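Just so you know, residue 1 is the first one in the sequence shown, and it goes up from there. Values in this document were obtained by computation on a predicted structure and should not be read as measured data. The figures here come from the full heavy-atom set of this structure, side chains too, leaving out hydrogens, waters and symmetry mates.
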Amino acid sequence: MIRISTIFIAICMVLVAASLGLVLYSIAGISGTESAIVALTALTFLILYNAVSMRLRDRTDVGGQIADLSRGTADLARQVAEFGRRLAAVESRVVSANSAGADRIQAIVGEINELGVLVKELAVSVAGHEDMLSSGVPPAAPPAPKPEDAPPKEPPAAAAIEEKSVAVVAAAPVKIVEGPAPSRSQAQILTAVKNAMEENRIDIYLQPMVTLPQRKVRFYEAVTRLRDDKDQILSADDFIGVAEAAGLIGRIDHMVMLRCVQVLRRLMVRNKDVGVFCNVAAATLGNPTTFAQCLDFLEANRALAPSLVLEFKQATFRNLGPIETEHLAALAQRGYRFSVDHVTDLRIEPRELADRGVRFIKVPASLLLDQRQTSASDIHPSDLSDLLGRFGIDLIAERIEGERAVVDLLDYDVRFGQGFLFAPPRPLRPEGASATAAASPGKAQDPNGSGKIASVEDPGLGPPRTTGNAALARRAAGPPG
């Protein structure tokens, strides 16, 4: 498109040439033809001059642009070279990292192979010991001590008792079986509860809760058991109702909280992420006097609040009164989290529970997998975990007893599981049992003897089991040669 300045210059040149011809015609007396020729000649010179000047100016501009382009090309070349150098350095680092990773993998593979050999040898040794124990052959006696290292001479009666106990253990491994409790009247159960409280015979059993599908222990539930004067076990279902009617459940809950805190402190020595679930009765929550004692104790152990979960029944949350609501708020204010168990249906309000401090809900696996719950509840059981997760509540499937249930629960996105499939509730070992067992492996241990907290290495170890280990060891060791 022709620029306006070019049109203006052309008009000016025509006017100048016409003016020159008119001046020559009118003043100099030149004829019209000659004046027109002179005007055309002047116009031609003006056009040539304008064209030459514009060409020179354009050449100067083009030269500047070419110089700028050359400088930009040089800068681009330098940047490309810098990127090439950096890329070469990254490639060298990747190659060196791959070689180092390959060396580490080879070293780890070698260590794993060595561990496999050691495990097979250990399995063979365990199988041999199990065969010896099952056949009644005592293990080889330790070498006799030197005269200067001999222990002081024991009284004859004590020596005879010790020899007798060792002989009994060698002949038949000790087994403590928790059988069904004989039928008792309420008066007998109440007497047993009072005696157990006075003589400190309230025991804590631990049942692990594992992550799914990894099956890594994440929490423990503290299960309360009572022992009567004959060391017969009373489960919580046997004495809770009688204790609540007699007004003793608050003292029992306070003692159980004390044990749970002791257990939790020992567990956290090795694993800071572990947690303990402690059951609290509705009567304790609604009794101002008893709750004040428990609150003072929990306030003193406030540092353990993130790892100590207080567990209530679903019926407790559905029947909260003003006092219970105030007490729950006091616990939540101190950082304690709550869990809901004994769930009988899936009509759950996650927003309300989350506002009250509930962070876990334990639902029986049979209830989750029951197809009739689809029509009885407002949400499909497969969507319950996601719904609770939106409000910061984890779903725990309890009472899992079969592998088929685990497979179905994984389809429901359940993150935690609890049940006899993973481990039954096991009593705590008395404190120092490990050292005693290491010093005298032939002596029997009473897992419910003192009620002190078990060692951290095996918090839920119960009575020794002598069935199944030999077969497991043989499978790990492979077929005999």
Short question: side chain of Asn195, backbone of Thr191 - any donor-acceptor pair under 3.5 Å? yes

Side chains of Gln188 and Asp228: do they bring a donor and an acceptor to under 3.5 Å? no

Taking Val280's backbone N and O only, do any of them form a donor-acceptor pair with Thr284's side chain (distance below 3.5 Å, no angle check)? no

Would Val274 and Phe219 count as a side-chain contact (heavy atoms from CB on, under 4.5 Å) here? Give the steps. CA-CA 6 Å; Val274 74; Phe219 305 101; over 6 Å; no

Check: Asn113 side chain, Val109 main-chain N or O, donor-acceptor pair, under 3.5 Å: yes

Between CD1 on residue Ile361 and CD1 on residue Ile393, distance to nearest 0.5 Å: 4.5 Å

Glu91 and Arg85: salt bridge (Lys or Arg N to Asp or Glu O under 4.0 Å), yes or no, with the steps? CA-CA 10 Å; Glu91 290 178 351; Arg85 184 184 63 80; over 6 Å; no

With a 4.5 Å heavy-atom cut-off, do Asp345 and Gln314 have their side chains touching? yes

Sidechain-backbone polar pair: Asp253 side chain, Ala281 backbone, donor-acceptor under 3.5 Å: yes

Sub-3.5 Å donor-acceptor pair from the side chain of Ser385 to the main-chain atoms of Leu395, do we have one? no

May I ask you to decide if Ala283's main-chain N or O and Asn287's side chain share a donor-acceptor pair within less than 3.5 Å? no

Quick one: CG on Leu368 to CD on Glu398, what's the gap to the nearest 0.5 Å? 9.5 Å

Could you tell me whether Glu198 and Lys194 make a salt bridge, using a distance below 4.0 angstrom between a side-chain N and a carboxylate O? no

If you measure from the Lys or Arg side-chain nitrogens to the Asp or Glu carboxylate oxygens, is any gap between Glu352 and Arg347 under 4.0 Å? no

Residues Phe338, Val309; criterion side-chain contact (heavy atoms from CB on, under 4.5 Å); working and verdict: CA-CA 5 Å; Phe338 308 134; Val309 181; 5.7 Å; no

Step by step, work out the side-chain hydrogen bond (donor to acceptor under 3.5 Å, both in side chains) result for Asn279 and Glu221. CA-CA 8 Å; Asn279 289 275; Glu221 180 179 3; 3.3 Å; yes

Carefully, step by step, assess Asp203 and Arg227 under the rule salt bridge (Lys or Arg N to Asp or Glu O under 4.0 Å). CA-CA 8 Å; Asp203 299 330; Arg227 287 180 291 112; 2.5 Å; yes

Got a second to check how far Ile396's CD1 is from Leu212's CG, nearest 0.5 Å? 10.0 Å

Within 45° cone and under 6.0 Å: Arg225 NZ/CZ vs Tyr205 ring: yes

Could you walk me through whether Tyr220 and Leu267 pass side-chain contact (heavy atoms from CB on, under 4.5 Å), step by step? CA-CA 10 Å; Tyr220 289 96; Leu267 292 176; 3.7 Å; yes

Measure from the side-chain N and O atoms of Ser92 to the backbone N and O of Ala89, and report whether any donor-acceptor pair falls under 3.5 Å. yes

Using only atom types and a distance under 3.5 Å, with no angle test, would you say the side chain of Thr211 pairs donor to acceptor with the backbone of Lys216? yes

Does Leu410 have more than 12 heavy atoms from other residues, nucleotides or ligands lying within 6.0 Å of its CG? yes

Among pairs that include at least one residue of residues 295-315, which meet salt bridge (charged side-chain N to carboxylate O under 4.0 Å, His left out), considering only residues two or more places apart or in two chains? Glu299-Arg302, Glu299-Arg334, Glu311-Lys362

Taking all non-hydrogen atoms of both residues, which atom of Ala222 and which atom of Ile204 are closest, and how far apart? CB-CG2, 3.9 Å

Gap between atom CG of Asp103 and atom CD1 of Ile108 - 0.5 Å precision: 11.0 Å

Value rounded to 0.5 Å, distance of CZ in Phe291 from CG in Leu285: 6.0 Å

With a sphere of 6.0 Å drawn around CZ of Arg251, does it hold more than 12 non-hydrogen atoms of other residues, nucleotides or ligands? no

Val340 and side chain to side chain contact (heavy atoms under 4.5 Å, CB included): which partner among Phe317, Phe360, Phe312? Phe317

Check whether more than 12 heavy atoms from other residues, nucleotides or ligands sit under 6.0 Å from atom CD of Gln333, and answer yes or no. no

Between Arg390 and Asp386, is there a side-chain N and carboxylate O pair less than 4.0 Å apart? no

Assess the residue pair Ile400 and Phe422 against the criterion (side-chain contact (heavy atoms from CB on, under 4.5 Å)); give the C-alpha distance rounded to whole Å, side-chain angles, the decisive distance to 0.1 Å, and a yes or no. CA-CA 8 Å; Ile400 301 176; Phe422 310 115; 3.8 Å; yes

Main chain of Thr290, side chain of Gln293: is a donor-acceptor contact present, judged purely on distance under 3.5 Å? no

Exam field: side chain Gln207 to backbone Val223, donor-acceptor pair closer than 3.5 Å: no

The reported gap from CD in Glu326 to CG in Leu320 (rounded to nearest 0.5 angstrom) is 12.5 Å

